[in-house]
Number of protein chains: 2
Amino acid sequence: MGEQESMEELFSTNENELYGEELTAKQKRIVEAAIQMFSEKGYSSSSTSEIAKRANVAEGTIFRHYKTKKELLLAIVTPVMSNLLAPFIIRDLDKVLSQNYQCYEDFLTAIVKNRQVFIEKHLSIVKILLQEIPFHDELRSQFIDRIGKEVYTRLEAIVIHFQEKGKLVEMPTQSAVRLTATTIGGFLLTRYILLPNNDWNDEEELKTTIHFIMNGMKA
Amino acid sequence: MGEQESMEELFSTNENELYGEELTAKQKRIVEAAIQMFSEKGYSSSSTSEIAKRANVAEGTIFRHYKTKKELLLAIVTPVMSNLLAPFIIRDLDKVLSQNYQCYEDFLTAIVKNRQVFIEKHLSIVKILLQEIPFHDELRSQFIDRIGKEVYTRLEAIVIHFQEKGKLVEMPTQSAVRLTATTIGGFLLTRYILLPNNDWNDEEELKTTIHFIMNGMKA
DNA sequence: CTCATAAGTGAGTGATCACTCACTTATATC
DNA sequence: GATATAAGTGAGTGATCACTCACTTATGAG
């Protein structure tokens with residue numbers, strides 16, 4: 001599955017730099033089994049014994065690599081959380097924007113398409129993240145402080161950027177950011193979590209959604 | 001005056017007493033303690049022993065009234081789920097609409113304001129519902145079959161109603177429904193779950209949101 | 001009052017939980 | 001090949017889980 005290959009990328013670039021370790025074969029199986037179980041039954045309804053069984057590994061092996069069950073959860077969820085909205089936190093966003101996108105619409109389309117690929121790749125982990133973030137302070141505060149606020153200021157800058165170019169109509173910046181974010185978030189939530197089995201015409205639906213945003217922010 | 005009355009017609013259900021008066025005093029305390037714990041720590045991380053402790057009740061008393069812990073959860077969550085979107089499922093919606101609301105905008109404003117009151121009243125239970133619905137088939141299938149589909153067809157009818165009156169511009173009905181629903185859902189989610197501690201000017205924010213929807217569906 | 005029924009109790013139960021530890025096996029370095 | 005270190009094992013542990021049951025107390029009808 002795509003999720004296996006991509007997992008290696010994601011975890012090796014993050015965990016290995018921090019701890020100088022690579023994932024062993026059994027460790028990979030543990031992580032995969034945990035992702036499967038956590039997303040199916042929820043974190044606290046998943047037992048380490050069944051994770052071990054699914055991974056074809058002794059239960060003790062899990063605790064060789066992760067001191068606690070929660071540490072296993074965080075090892076899975078943290079890198080995805082960091083990367084989920086990473087494209088917004090690039091440096092010199094202004095330059096990139098003015099060089100590559102003439103209008104807000106083009107920029108939005110590009111970035112949403114990009115994030116759709118990421119979500120499709122890591123859907124199970126995104127589900128786990130959404131489920132568990134209310135109950136784990138480390139996750140929530142890290143998301144708010146290091147990601148949420150950062151992303152908000154960038155989004156704000158983007159909106160202002162296009163407002164100054166006259167490509168976006170005047171409206172309180174805060175509202176423009178919120179409406180853009182919730183509309184896109186609502187689209188992705190519907191597309192991948194609520195009604196993933198609908199017949200989705202992704203290209204068409206994204207176009208409609210972004211048109212809707214642009215129209216909504218006119219006049 | 002007339003508007004007040006019609007709103008009442010439209011929206012009044014017995015939402016004040018969701019659990020009836022046949023609950024004993026201790027049973028009420030159990031339900032309240034369970035709501036508190038489920039919303040704070042999640043359903044499966046909440047133990048019946050601590051629920052009993054918080055309710056100042058013997059643990060056995062819980063199981064006098066509810067055969068299992070899950071039955072307790074469903075007793076809490078089901079009535080709120082049924083009432084959450086109930087205003088959409090009234091009979092003769094067409095007549096009520098044409099009598100009381102000249103445009104989609106007015107209708108949306110009225111119904112969202114009404115649902116905000118309901119959500120504020122039952123916020124903890126709404127949170128529990130959102131958290132647990134992915135993991136309990138009875139909840140999910142009941143929501144989809146008895147509520148989701150019903151609400152969708154009504155919303156569809158409403159959109160068509162206003163489209164025929166020429167008050168709404170032509171756009172695939174399905175898209176209009178989805179965009180309206182996710183934008184409002186996104187607003188409510190942000191308002192009450194994600195950033196409940198913001199300085200919200202509810203009146204202003206709702207107006208902005210609905211204007212955004214109306215503009216988005218023009219031309 | 002009597003008595004049937006419902007409400008309430010709390011010690012007890014087997015199952016399961018996350019986690020430990022003494023131990024074996026594999027790997028790498030010299 | 002000796003040695004050290006890391007990876008892997010699985011039986012074992014106390015804690016906690018949802019739930020039971022024999023029992024007491026409260027309620028209400030005849």
Side-chain angles (χ1 to χ4, degrees), chain A residues 8 11-12 15-38 40-77 128 131-132 135-139, chain B residues 19-77 128 131-132 135-139:
Chain A
E8 210 166 340
F11 288 114
S12 62
E15 288 279 302
N16 290 353
E17 283 182 9
L18 288 177
Y19 304 108
E21 292 171 343
E22 283 186 1
L23 298 190
T24 67
K26 300 207 172 188
Q27 196 174 358
K28 271 183 204 167
R29 296 215 305 267
I30 289 169
V31 169
E32 282 160 22
I35 291 171
Q36 197 185 48
M37 287 218 52
F38 289 165
E40 276 175 16
K41 312 176 57 174
Y43 166 72
S44 71
S45 296
S46 301
S47 67
T48 50
S49 71
E50 198 180 339
I51 291 171
K53 202 175 285 174
R54 286 208 199 180
N56 254 306
V57 144
E59 197 173 352
T61 308
I62 295 177
F63 294 95
R64 280 280 146 216
H65 298 287
Y66 307 96
K67 272 182 293 194
T68 65
K69 185 184 156 194
K70 185 162 184 173
E71 196 178 290
L72 172 59
L73 171 72
L74 295 181
I76 289 171
V77 144
I128 298 170
Q131 273 294 322
E132 295 305 323
F135 301 125
H136 305 275
D137 287 340
E138 322 84 340
L139 280 182
Chain B
Y19 305 111
E21 293 101 18
E22 65 267 15
L23 295 191
T24 68
K26 301 206 172 190
Q27 196 174 359
K28 269 183 202 165
R29 296 215 305 268
I30 289 169
V31 168
E32 281 161 21
I35 291 171
Q36 198 185 47
M37 288 218 52
F38 289 165
S39 66
E40 275 175 15
K41 312 176 55 174
Y43 166 72
S44 70
S45 297
S46 302
S47 68
T48 51
S49 70
E50 199 181 340
I51 291 171
K53 201 174 285 174
R54 287 208 198 180
N56 253 308
V57 143
E59 196 174 353
T61 308
I62 294 177
F63 295 95
R64 280 280 145 215
H65 298 287
Y66 307 96
K67 272 181 293 194
T68 63
K69 185 184 157 194
K70 184 163 186 172
E71 197 179 288
L72 172 59
L73 171 72
L74 295 181
I76 289 170
V77 144
I128 298 169
Q131 273 294 322
E132 295 304 323
F135 301 124
H136 305 275
D137 287 341
E138 322 83 342
L139 281 182

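In the text below, chain A, chain B and the rest are named by the order of the sequence lines, each starting its count at 1. The structure presented is a predicted model; accordingly, all values stated were derived computationally and were not measured.
In this structure A:Asp137 satisfies the side chain to side chain donor-acceptor pair (under 3.5 Å) test together with A:Arg140, sequence neighbours excluded. For A:Ser45, the side chain to side chain donor-acceptor pair (under 3.5 Å) partners at least two apart in sequence or on another chain are B:Ser44. A:Ser47 pairs by the side chain to side chain donor-acceptor pair (under 3.5 Å) definition with A:Ser49, not counting sequence neighbours.
The residue among B:Gln27 and A:Gly60 whose nearest nucleotide of DNA chain C is located toward the 5' end is B:Gln27.
Contact annotation for B:Ser45: no contact, since no heavy-atom pair falls under 4.0 Å across all strands. If you check every strand for non-hydrogen atoms under 4.0 Å, A:Thr24 touches sugar and phosphate atoms only. Residue A:Glu59 is classed as a base contact, given a heavy-atom separation below 4.0 Å to a base. Within 4.0 Å of A:Ser44, counting heavy atoms only, lies no atom of the nucleic acid at all.
Residues of residues 62-74 of chain B having a heavy atom closer than 4.0 Å to DNA chain C, listed by number: B:Arg64, B:His65. Of all the residues in residues 47-57 of chain A, A:Ser47, A:Thr48, A:Ser49 reach under 4.0 Å from DNA chain C with at least one non-hydrogen atom.
First and last contacts of DNA chain C with chain A, using any nucleotide atom under 4.0 Å from a protein heavy atom and ordered 5' to 3', fall at C:dC17 to C:dA22.
Applying the ring-ring contact (aromatic ring centres under 6.0 Å, His included) test to residues at least two apart or on different chains, the pairs with a partner in residues 27-66 of chain B are B:Phe38-B:Tyr43, B:Tyr43-B:His136. For residues 42-54 of chain B, the pairs satisfying salt bridge (charged side-chain N to carboxylate O under 4.0 Å, His left out) are B:Glu40-B:Arg54, B:Lys41-B:Glu50, B:Glu50-B:Arg54, with sequence neighbours left out. Residue pairs meeting the salt bridge (charged side-chain N to carboxylate O under 4.0 Å, His left out) criterion with at least one partner in residues 55-73 of chain B, sequence neighbours excluded, are B:Lys70-B:Glu138.
Taking all atoms of both residues into account, the shortest heavy-atom contact from A:Leu72 to A:Ala34 is CD2-CB, 3.8 Å.
Taking CD1 of B:Ile76 as the reference point, atom CD of B:Glu32 lies at 10.0 Å (rounded to 0.5 Å). Atoms CG and CG, from B:Leu139 and B:Leu73 in turn, are 6.0 Å apart once rounded to the nearest 0.5 Å. If you take CD1 on A:Ile30 and OG1 on A:Thr24, they are separated by 7.0 Å, rounding to the nearest 0.5 Å.
The shortest distance between side-chain heavy atoms of A:Val57 and A:Arg29 falls below 4.5 Å.
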